[in-house]
Amino acid sequence: MKLPWLGVVALGLVAAVGCSSTTNADPTPPTNSTPSTPTSGPSKPSSSVPTSSTPSTAPDPVSLQALMAKKYDGRDLRLGRVITRTDAYTRYFVTYASGKLRISGILNVPTAPGRHPALVLNHGYIDPAVYTNGRGLMREQDYLARRGYVVLHTDYRNHAQSSKDPQSEVNLRIGYTEDVINAVLALKASPYVDPQRVALFGRSMGGGITYNVLVAQPGLVKAAVVYAAVSSNAVENFDRWTRPEAATAAAIIRAHGDPAKNPTFWRNLSAVNFFNRITEPLLLQQGLADSTCPPVWAQQTLTALKKAGKQATLYTYPGEEHAFAAAWPTSMARSVAFLKQQGV
């Protein structure tokens with residue numbers, strides 16, 4: 001069985017099944033929600049956690065430090081067939097380069113002429129065996145394109161028509177983060193995009209990937225929106241989703257060590273330990289009835305971001321599960337308002 005979490009590193013953590021496989025239809029009227037401020041601290045990062053992106057020795061290739069040191073050349077965004085034409089945008093099948101791989105995705109381009117603000121959408125866990133091109137975040141893809149954004153929804157390696165990476169699972173999907181960084185760079189070169197107005201939008205596992213991108217490449221984007229994210233502590237994700245899958249957990253432990261026996265490796269996968277590197281404002285959105293990603297994770301992440309002196313806001317939604325329903329329109333309106341406040 002494939003684990004929603006296994007993306008612990010690509011996303012430094014991971015997500016849950018069906019994180020973003022919601023339908024296009026807007027949910028019913030919104031429920032009340034409230035902005036949240038930190039009330040309880042997260043598991044505090046160890047004082048021995050490295051804070052430099054340039055360690056004296058070569059970083060483990062499966063680590064956030066490796067992502068910090070890596071040179072990226074995201075390029076060659078190719079528009080393929082037209083999937084759909086609507087009154088507001090055209091939807092294309094696309095591919096782009098991510099290192100030696102080609103990653104597939106979809107690109108929604110508003111019909112209005114000129115360059116537009118743009119978003120890279122990072123979907124949550126969907127089993128690659130059933131995943132199809134552009135399958136995640138379908139509601140968000142449409143909503144955001146209709147509000148004037150160029151939307152690039154990446155498929156990640158091993159998904160849809162993307163190139164295969166046979167080591168992705170045992171290496172905790174660290175390559176997903178690389179694919180998103182390259183997606184941003186490829187998108188910025190598009191004639192449809194204002195390269196100074198690009199942001200990230202991630203859900204569940206994709207929220208964890210978003211945290212990884214922000215710590216690995218500060219300054220790459222202007223802002224980030226995260227929904228119902230996995231933990232920013234890799235061990236919590238491993239314990240929740242991977243340990244119960246004995247064969248998968250054993251393969252990872254053989255390769256990288258158990259968290260209790262090799263804590264340095266796991267600290268270096270956890271974005272929370274590198275929040276001091278983030279330069280972009282964040283908006284976090286979390287349903288309080290989420291049975292997939294515990295709401296306390298969002299609160300802990302907010303607390304850690306605030307402790308690091310970062311600009312972050314958390315909105316919580318009573319009664320909302322992992323995939324937002326009644327409050328989805330309100331949450332999306334807040335997301336767009338936040339992005340516009342940041343110049344995106």
For the residue pair [X] and [Y], confirm or rule out a side-chain donor-acceptor distance under 3.5 Å.
X	Y	value
Thr210	Asn122	yes
Asn108	Gln141	no
Glu321	Ser291	yes
Trp241	Glu236	no

Determine whether a donor-acceptor pair (N or O, by modelled atom type, separation under 3.5 Å) exists between the side chain of [X] and the backbone of [Y].
X	Y	value
Lys310	Asn276	yes
Lys188	Leu220	yes
Thr316	Leu288	no
Ser190	Ala186	no
Arg240	Thr292	yes
Tyr96	Asp179	yes
Arg78	Ala97	no
Tyr192	Pro113	no
Gln285	Leu314	no
Ser204	Gly206	no

### Query
Do Asn268 and Ser63 pass the side-chain hydrogen bond (donor to acceptor under 3.5 Å, both in side chains) test, and can you show the C-alpha distance, the side-chain angles, and the key distance before you say yes or no?
CA-CA 5 Å; Asn268 292 343; Ser63 69; 5.8 Å; no
### Message
Can you see whether Tyr143 has Arg147 sitting over its ring - NZ or CZ less than 6.0 Å from the centre and within 45° of the normal?
### Response
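Yes, cation above the ring, under 6.0 Å and within 45°.
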### Task
Tell me whether the guanidinium CZ or amine NZ of Arg334 lies under 6.0 angstrom from the six-membered ring centre of Tyr315 and within 45° of its axis.
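Output yes; distance and angle both within limits.
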### Task
Using the six-membered ring wherever Trp is involved, compare the ring planes of Tyr227 and Phe324 and label them parallel, tilted or perpendicular (cut-offs 30° and 60°).
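It falls in the perpendicular class, over 60°.
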### Query
Parallel, tilted or perpendicular: which describes the rings of Tyr131 and His123, with under 30° parallel and over 60° perpendicular?
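Correct class here is parallel.
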#### Entry: Any Asp60 side-chain heavy atom under 4.5 Å of Gln65 side chain
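No, every pair of side-chain atoms sits at 4.5 Å or beyond.
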### Query
Is Val193 close to Val198 at the side-chain level, that is, under 4.5 Å between some pair of heavy atoms?
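SC-SC contact between Val198 and Val193 confirmed.
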Are [X] and [Y] ion-paired here, with the side-chain N under 4.0 Å from a carboxylate O?
X	Y	value
Asp258	Arg243	yes
Arg157	Glu178	yes
Asp194	Arg115	no

Looking at every heavy atom in both [X] and [Y], which two are closest together, and how far apart are they?
X	Y	result
Asp165	Asn158	N-OD1, 2.6 Å
Asp155	Gly105	OD2-N, 3.2 Å
Phe238	Ile252	CE1-CG2, 4.1 Å
Ala223	Phe338	CB-CE2, 3.9 Å
Ala234	Ser270	N-OG, 2.9 Å
Ala145	Val151	N-CG2, 3.9 Å

Working to the nearest 0.5 Å, report the span between [atom1] of [X] and [atom2] of [Y].
X	Y	atom1	atom2	answer
Gln167	Leu172	CD	CG	11.5 Å
Ile181	Asn212	CD1	CG	8.5 Å
Tyr317	Asp290	OH	CG	13.5 Å
His159	Ile126	NE2	CD1	7.0 Å
Asn262	Thr264	CG	OG1	6.0 Å

### Task
Show your reasoning for whether side-chain contact (heavy atoms from CB on, under 4.5 Å) applies to Ser162 and Tyr156.
CA-CA 7 Å; Ser162 296; Tyr156 311 139; 5.9 Å; no
### Task
Please report the C-alpha distance between Val94 and Ser104 in whole Å, then the side-chain angles of each, then the deciding distance to 0.1 Å, and finally whether the side-chain contact (heavy atoms from CB on, under 4.5 Å) criterion is met.
CA-CA 6 Å; Val94 297; Ser104 62; over 6 Å; no
### Steps toward salt bridge (charged side-chain N to carboxylate O under 4.0 Å, His left out) verdict (Arg102, Asp76)
CA-CA 9 Å; Arg102 286 208 71 81; Asp76 198 21; 2.9 Å; yes
### Task
Answer with yes or no whether the hydrophobic clustering places Val180 together with Leu67; edges join I, L, V, M, F, W, Y residues whose side-chain heavy atoms lie under 4.5 Å apart.
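Same hydrophobic cluster.
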### Task
Could you walk me through whether Ser232 and Thr301 pass side-chain hydrogen bond (donor to acceptor under 3.5 Å, both in side chains), step by step?
CA-CA 6 Å; Ser232 51; Thr301 294; 2.9 Å; yes
### Query
Given Leu121 and Glu140, is the side-chain contact (heavy atoms from CB on, under 4.5 Å) satisfied, shown in steps?
CA-CA 9 Å; Leu121 269 56; Glu140 291 80 357; 4.2 Å; yes
